[in-house]
Amino acid sequence: MALPISSVTPETEYAEIHGWVHEIRDLGGLSFFLIRDRTGIIQVTIVKKKAPEAVVEAAKAVSRESVVRVAGTVKGIEKAPGGRELVPDTFEIIALAAVPLPLDVSEKVPAELDTRLDGRYLDARRPRVTAVFQVRSCVLGVIHELLYAEGFINIQTPKVVAAATEGGTELFPIAYFEKEAFLNQSPQLYKQMMMAAGFEKVFEIGPIFRAEEHNTTRHLNEATSVDVEVSFADHHDVMDLLERIVVDVYRGVAETCPYPLEQLGIDLQVPGAPFPRLPYAEAIDIASSRIEEDLAYGDDMGTAAERALGEEMGEHYFITDWPTEIKPYYAMPYEDEPGICKAFDLMHPRMELSSGAQRVHDHDLLVSRIESKGLSAESFEFYLEPFRYGMPPHAGWGMGAERLVMTMLGLPNIREAVLFPRDRHRLTP
RNA sequence: GCCCAGGUAGUGUAGGGGCCUAUCAUGUCGGCCUGUCACGCCGACGACUCGGAUUCGAAUUCCGACCUGGGCGCCA
């Protein structure tokens, strides 16, 4: 029975391991093989005069990144990595790797992101890349756990839809038998419909698709959205929830991912809640005093403004009370001040992570909001009908999972947080 | 969509009219090496994205195509 490499300690007497040949150092009569699995690396030491002939032969034939099965005696030796090494009586090549490799897994020579993504299966063998996806898995696990613990229902909504959610963004058209259809940009309308169904608390973690031809380090054409909707809740209630999730995610990763964090060289600091809730008007004042370009009330936050605010705030924060004009039709305007609405963005100092709002739950108000955005209410009929038969007040948000992972780990490019990113130019692998 | 910068061995790079039979590292192959841990030493192998133009001469300049990275807008 093979052991995970990290579980082999100086006290282990005998071990069998499966792994990939990370590095080979042949000193002549003595050779060292570093064998790697997803949990760690162990040194296998072969003394040619003492080792079985079959071991020596296999060791001579093996190439870097081949899959091997090695079994033998474990010796506690201080000068070996991890304080132990394996002296094999069996060294079996399970799958010989061809040469040369498309990229250097041991990271002696860097590879560009494009090269790495082309050979993602190899790139992901690199401990620092594996680590990112172990953390990502943990992040999504923590979110699931927290939401289940708070009584949320995990839903799945269609990704093939007939119309845009909110207009504005470009959609990917697809052929759906004799009809035109699109890949969904957001589960927004569906999760709201489940409020009319009385589900009260729902969440969905799934893909969203945007056909924008953006070319940045923080946009993807296929992203993972963490979406939440809660009945009988206002925007502050769901900001509280979002805050709990972010803090819990950081804490969960810090507690359960020590090896990945070590690989990434990150000393993860759990952010302190509550996060400041900065009204849009104040945010504009702060940003405009710190940047060159003109920024007026009613403008969207540009990248420079976001960056300036991020420097000022230094931590996660919310921007609240946005002008109704620049938020989607489903954001609830304040009753006493309809020029601003109960929408919010959750910001990391580097970028926006999430946006949400208390939603409009009154049918007639929603129709007038849709029309004031220049959209046609008829095309939203499937969405509007539930609002006529008992729609509770509700609020929710959507958060980019990749952005959460990216900002937490300080990744330079959002593509680092996706196994097989889809961007303007990349459709394979 | 707009703007900028690039494409040189498997990988990452140097070189910006003749000094290029193209640098260095890593890798691969062969040889030596019993404690390496970026092992070391000797030798070899391997590349100028494509098409056109300018020129006596182009990896280098110009035009076009293709591909890539980044900034902005917009957003998660």
Side-chain angles (χ1 to χ4, degrees), chain A residues 22-34 41-51 63-65 75 77-83 85 87 97-119 122-123 165-170 185-188 205-227 242 293 299-307 326-328 345-348 351-356 397-407 412-415 417-418 423-426:
Chain A
H22 191 67
E23 275 186 64
I24 301 172
R25 286 195 268 280
D26 183 359
L27 274 62
L30 177 68
S31 54
F32 300 101
F33 294 79
L34 299 185
I41 291 178
I42 190 169
Q43 175 166 288
V44 168
T45 303
I46 297 174
V47 179
K48 282 179 190 155
K49 283 182 183 168
K50 294 184 187 170
S63 56
R64 292 161 80 219
E65 294 307 318
K75 285 187 180 170
I77 286 196
E78 262 188 42
K79 52 193 169 187
E85 66 181 15
V87 179
V99 292
L101 295 164
L103 56 88
D104 177 17
V105 177
S106 68
E107 297 194 84
K108 281 180 193 161
V109 180
E112 289 194 350
L113 186 57
D114 190 49
T115 307
R116 293 174 44 209
L117 292 175
D118 281 341
L122 262 186
D123 180 55
T165 300
E166 39 197 277
T169 194
E170 293 289 321
Q185 69 183 95
S186 155
Q188 178 67 29
I205 300 177
I208 56 169
F209 304 90
R210 310 263 163 111
E212 296 291 341
E213 298 195 16
H214 32 47
N215 205 283
T216 77
T217 54
R218 60 190 186 285
H219 290 93
L220 293 162
N221 292 295
E222 178 179 7
T224 306
S225 177
V226 178
D227 265 274
L242 183 49
E293 65 198 67
D299 290 344
D300 227 317
M301 293 282 170
T303 308
E306 267 186 18
R307 201 175 304 123
I326 57 174
K327 280 290 176 186
D345 284 0
L346 173 64
M347 308 297 297
H348 176 276
M351 71 187 77
E352 180 182 340
L353 294 184
S354 167
S355 62
W397 43 258
M399 172 165 59
E402 287 82 14
R403 288 191 175 184
L404 180 60
V405 172
M406 174 190 188
T407 52
N413 191 314
I414 197 164
R415 293 165 182 82
V418 190
D423 61 34
R424 177 68 186 85
H425 303 289
R426 181 173 288 278

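Just so you know, these numbers come straight off a predicted model, no measurement behind them. Order of the sequence lines sets the chain letters (A, B, ...), proteins ahead of strands, with each chain counted from 1.
- Taking the side chain of Q43(A) as heavy atoms from C-beta on, and the options G35(B), G70(B), G73(B), the nearest nucleotide is G35(B).
- Counting to the nearest Å, the P atom of G69(B) and the CG atom of L117(A) are 8 Å from each other.
- If you check G12(B), G35(B), G70(B) against the side chain of V109(A), the one that comes closest is G12(B).
- Remark: P of U26(B) and CD of E23(A) are 12 Å apart, rounded to the nearest angstrom.
- In this structure, the nucleotide among A38(B), G73(B), U68(B) sitting nearest to the side chain of H425(A) is U68(B).
- Both distances falling under 3.5 Å, in either a Watson-Crick or a G-U wobble arrangement, place G1(B) opposite C72(B).
- Candidate nucleotides G35(B), U13(B), C74(B) were compared by shortest atom distance to the side chain of E112(A), and U13(B) ranks first.
- Shown here, G16(B) is classed syn by the O4'-C1'-N9-C4 or O4'-C1'-N1-C2 angle, which is within 90° of 0.
- For the C1' atom pair drawn from A58(B) and U54(B), the interatomic distance equals 10 Å after rounding to whole Å.
- Taking side-chain N and O atoms only, S63(A) has no distance below 4.0 Å to OP1 or OP2 of U28(B).
- Residue H219(A) places a side-chain atom within donor-acceptor reach of the base of C75(B), judged by atom type and a 3.5 Å distance cut-off alone.
- Within the 4.0 Å cut-off from OP1 or OP2 of U11(B), not a single side-chain nitrogen or oxygen of T115(A) is found.
- Listed nucleotides: G10(B), G69(B), C74(B). Nearest to the side chain of D300(A): C74(B).
- S355(A) comes within contact range of the sugar-phosphate backbone alone, with a heavy-atom separation under 4.0 Å but no base atom that close.
- Using atom C1' as the reference point in both A25(B) and U8(B), the two lie 15 Å apart (nearest Å).
- Per the geometry, CD belonging to Q185(A) stands 9 Å off P belonging to A76(B), to the nearest Å.
- Minimum interatomic distance between A97(A) and S63(A) (heavy atoms only, all atoms of both residues): O-OG, 2.6 Å.
- Donor-acceptor pairing under 3.5 Å, judged by distance alone, is present between the side chain of E306(A) and the base of C75(B).
- The base-pairing partner of G46(B), taking Watson-Crick or G-U wobble contacts with both distances under 3.5 Å, does not exist among the strands shown.
- Side-chain proximity of N215(A) to the nucleotides G71(B), C74(B), G12(B) is greatest for G71(B).
- Of the listed nucleotides (C72(B), U11(B), G69(B)), G69(B) has the atom at the smallest distance from the side chain of D114(A).
- One can place CD of E65(A) at 14 Å from C1' of G10(B), the figure rounded to the nearest angstrom.
- When the salt bridge (charged side-chain N to carboxylate O under 4.0 Å, His left out) test is applied to D423(A), the partners found at least two apart in sequence or on another chain are R415(A).
- Among the protein residues, D118(A) comes within range of no part of the nucleic acid, since none of its heavy atoms lies under 4.0 Å from any strand.
- Base engagement by L220(A) is indicated by at least one non-hydrogen atom pair under 4.0 Å involving a base atom.
- Nucleic acid contact for R64(A): sugar-phosphate only, since backbone atoms but no base atoms lie under 4.0 Å from a heavy atom of the residue.
- Regarding L30(A), its CG atom lies at a distance of 7 Å from the C1' atom of U36(B), rounded to whole Å.
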Show me the protein contacts with nucleotides 30-33 of chain B, counting only N or O atoms at under 3.5 Å.
residue, atom, partner, partner atom, Å
C33(B), N1, L27(A), O, 3.4
C33(B), O2, L27(A), O, 3.3
C33(B), N3, D26(A), O, 3.3
C33(B), N3, L27(A), O, 3.4
C33(B), N3, G28(A), N, 3.3

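- In this structure, K108(A) reaches the G27(B) phosphate: one of its side-chain N or O atoms is under 4.0 Å from OP1 or OP2.
- Taking atom C1' in both G70(B) and G15(B), the straight-line distance is 24 Å, to the nearest Å.
- Proximity of R424(A) to the phosphate of G70(B): no side-chain N or O atom is located under 4.0 Å from OP1 or OP2.
- Counting heavy atoms of neighbouring residues, nucleotides and ligands inside a 6.0 Å radius, atom NZ of K75(A) does not exceed 12 of them.
- The listed nucleotides are U36(B), G70(B), A76(B); the one nearest the side chain of P81(A) is U36(B).
- Of all nucleotides present, none satisfies the Watson-Crick or G-U wobble test against U13(B) with each distance under 3.5 Å.
- Comparing the C1' positions of U28(B) and G12(B) gives a spacing of 16 Å, expressed to the nearest Å.
- For the atom pair T407(A) OG1 and L353(A) CG, the distance stands at 4.5 Å (nearest 0.5 Å).
- At a threshold of 4.0 angstrom between heavy atoms, the contacts of E85(A) include nucleobase atoms, whether or not backbone atoms are also involved.
- The phosphate of G73(B) has OP1 or OP2 within less than 4.0 Å of a side-chain N or O from T303(A).
- Toward the 5' end of RNA chain B, the nearer of the two residues K75(A) and L101(A), judged by each one's closest nucleotide, is L101(A).
- Remark: P of G69(B) and CZ of R218(A) are 16 Å apart, rounded to the nearest angstrom.
- Comparing N221(A) and R307(A) along RNA chain B, the residue whose closest nucleotide (by nearest heavy atom) sits nearer the 5' end is R307(A).
- Comparing A22(B) with G31(B), their P atoms are spaced 27 Å from each other, to the whole Å.
- If you measure from atom CD of E352(A) to atom P of G73(B), you get 13 Å, rounded to the nearest angstrom.
- With both ends at atom C1', the span from A59(B) to C19(B) equals 15 Å, rounded to whole Å.
- Spacing of P atoms, U11(B) relative to G27(B), comes out at 15 Å, to the nearest Å.
- Rounded to an integer number of Å, the gap from F209(A) CZ to C74(B) P is 24 Å.
- Taking E65(A) as the reference, R36(A), R125(A) meet the salt bridge (charged side-chain N to carboxylate O under 4.0 Å, His left out) condition, with sequence neighbours excluded.
- Judged by distance alone, the side chain of E402(A) and the main-chain N or O of T224(A) form a donor-acceptor pair under 3.5 Å.
- Side-chain to base pairing of R403(A) with C75(B): one donor and one acceptor N or O lie within less than 3.5 Å of each other.
- Taking only side-chain atoms of A223(A), from C-beta outward, the nucleotide of G70(B), C37(B), A76(B) with the closest atom is A76(B).
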